[in-house]
Amino acid sequence: MTSPAIRHYLQFCDLTADEYAYIFERAAFIKRKFKAYEKHHTLSDRTLAMIFEKASTRTRVSFEAGMYQLGGSVVHLTTGDSQLGRAEPIEDSAKVISRMTDLVMIRTFEQEKIVRFAANSRVPVINGLTNEFHPCQIVADIFTFIEHRGSIKGKTVAWVGDGNNMANTWLQAADLLDFTVHVSTPSGYEIDEKLAFNGHAPRAGSYKVFKDPMDACRGADLVTTDVWTSMGYEAENEKRREAFADWCVDEAMMAVAQPDALFMHCLPAHRGEEVQAEVIDGPQSVVWDEAENRMHAQKALMEFLLLGRL
């Protein structure tokens with residue numbers, strides 16, 4: 001066993017392709033033990049602090065249940081019952097919380113907040129979602145693809161909808177793990193390449209942009225989307241409903257993808273808006289496996305950040 005220096009997980013690009021290969025393999029091992037009701041207490045006596053500035057269902061349940069299943073314990077904080085976001089500077093909160101816990105997961109608004117927290121933390125910090133990135137979700141999505149279809153290398157993922165935190169993270173994943181993302185967004189909601197890649201030039205061919213979502217889905221191995229209005233943008237809801245009307249993933253889009261193409265959605269979903277009920281509830285949808293796999297992938301991630309390779 002090797003014990004690494006403090007590693008934070010703030011963006012998908014914070015780990016290497018080789019480290020992801022280990023995490024996907026480890027997640028599969030941990031999941032098999034979970035399904036067999038075998039104990040896997042590698043984080044016994046370790047404590048995870050979860051800090052929420054944004055509401056959560058899957059992130060809270062997956063991290064909390066996952067940490068308990070690893071033999072650890074959890075402290076749950078929100079801005080309503082902690083000093084984060086009140087008078088105390090983020091830097092001070094980080095210094096205190098990281099002296100009392102072994103790992104911190106934060107779900108917040110601006111990426112800058114989690115960066116500032118990590119810079120002052122003595123323990124690993126995990127991005128549970130920010131406005132800019134959602135790395136834990138994409139780890140779970142790729143793990144789910146591997147379970148169903150094998151390696152994602154050389155495959156094509158169609159992203160239909162908003163150029164949001166999920167889209168940014170898919171681009172980082174494609175750049176790192178050698179697959180391609182076909183992106184189709186309405187005008188005015190495009191991906192910001194500079195933000196997605198932190199100002200660096202992406203690998204040639206890692207993503208392509210399509211005006212027509214049908215063209216983006218053509219030949220794809222995976223079709224995925226997200227809600228049209230992410231948390232924090234509710235005031236734009238009606239405007240977005242109009243702009244995104246042609247970006248509902250329907251049966252016609254799935255029909256031009258590969259015959260065995262999968263459909264994913266990070267949830268919660270609005271049937272009849274970003275996806276047809278016939279698609280999300282249809283035979284190509286793996287959204288429930290995807291949701292469960294947040295927990296297994298995150299268990300492998302937490303274990304890796306605290307213990308290194310086992």
Side-chain angles (χ1 to χ4, degrees), residues 11-13 54 109-112 129-135 137-138 141 155-175 179-258 261-280 287:
Q11 299 183 38
F12 195 91
C13 60
K54 283 189 175 184
F109 291 90
E110 299 84 5
Q111 182 78 8
E112 179 214 8
L129 176 143
T130 61
N131 290 348
E132 292 86 353
F133 301 105
H134 197 1
Q137 182 66 56
I138 303 304
D141 291 1
K155 303 295 186 184
T156 299
V157 175
W159 175 262
V160 177
D162 193 13
N164 62 7
N165 52 3
M166 285 285 292
N168 289 337
T169 310
W170 270 116
L171 292 197
Q172 287 193 359
D175 184 45
F179 62 93
T180 301
V181 178
H182 286 182
V183 177
S184 183
T185 67
S187 178
Y189 299 92
E190 295 89 355
I191 283 171
D192 180 347
E193 182 182 297
K194 187 176 180 181
L195 170 65
F197 296 108
N198 303 297
H200 300 297
R203 176 181 57 81
S206 63
Y207 82 102
K208 301 174 184 176
V209 176
F210 296 83
K211 287 187 177 180
D212 187 339
M214 192 72 78
D215 291 335
C217 293
R218 209 172 302 280
D221 301 285
L222 166 63
V223 178
T224 184
T225 189
D226 193 4
V227 295
W228 290 342
T229 307
S230 298
M231 280 182 284
Y233 299 90
E234 288 82 3
E236 302 175 13
N237 197 36
E238 285 308 311
K239 179 184 172 186
R240 283 172 173 263
R241 282 171 68 102
E242 292 178 19
F244 284 78
D246 295 331
W247 275 262
C248 173
V249 177
D250 56 20
E251 290 177 297
M253 290 184 193
M254 295 303 297
V256 299
Q258 294 289 351
L262 301 176
F263 172 77
M264 292 189 193
H265 190 307
C266 60
L267 305 176
H270 301 117
R271 290 165 176 80
E273 287 190 16
E274 73 274 6
V275 61
Q276 262 188 351
E278 291 80 3
V279 172
I280 193 170
V287 297

Side-chain contact test, heavy atoms from C-beta onward, threshold under 4.5 Å: evaluate it for [X] versus [Y] and give yes or no.
X	Y	answer
F197	I191	no
F263	V275	yes
V223	M253	no
I138	M166	yes
I280	L267	yes
Q11	N198	yes
H265	E274	yes
W228	H270	no

Residues forming a side-chain hydrogen bond (donor to acceptor under 3.5 Å, both in side chains) with Y189, sequence neighbours excluded: none
For E278, side-chain hydrogen bond (donor to acceptor under 3.5 Å, both in side chains) partners two or more places apart: none
Pair D141-V157, side-chain contact (heavy atoms from CB on, under 4.5 Å): steps then yes or no: CA-CA 11 Å; D141 291 1; V157 175; over 6 Å; no
For E132, all residues meeting salt bridge (charged side-chain N to carboxylate O under 4.0 Å, His left out), sequence neighbours excluded: none
From CA spacing to verdict: side-chain contact (heavy atoms from CB on, under 4.5 Å), M264, L222: CA-CA 7 Å; M264 292 189 193; L222 166 63; 3.5 Å; yes
Residue pair W247 / S184: nearest heavy atoms and the distance that separates them: NE1-OG, 2.9 Å
Step-by-step side-chain contact (heavy atoms from CB on, under 4.5 Å) determination, T130 to E110: CA-CA 6 Å; T130 61; E110 299 84 5; over 6 Å; no
Pairwise salt bridge (charged side-chain N to carboxylate O under 4.0 Å, His left out) hits with a residue in [range], at least two apart:
range	answer
residues 156-167	D162-R240
residues 202-220	D178-R203, D215-R218
residues 182-195	none

Full working for side-chain contact (heavy atoms from CB on, under 4.5 Å) between N164 and W159: CA-CA 10 Å; N164 62 7; W159 175 262; 3.5 Å; yes
Donor-acceptor pair, side chain of Q172 and main chain of A196, under 3.5 angstrom: yes
Aromatic plane relationship, W170 with F179 - under 30° parallel, 30 to 60° tilted, over 60° perpendicular: perpendicular
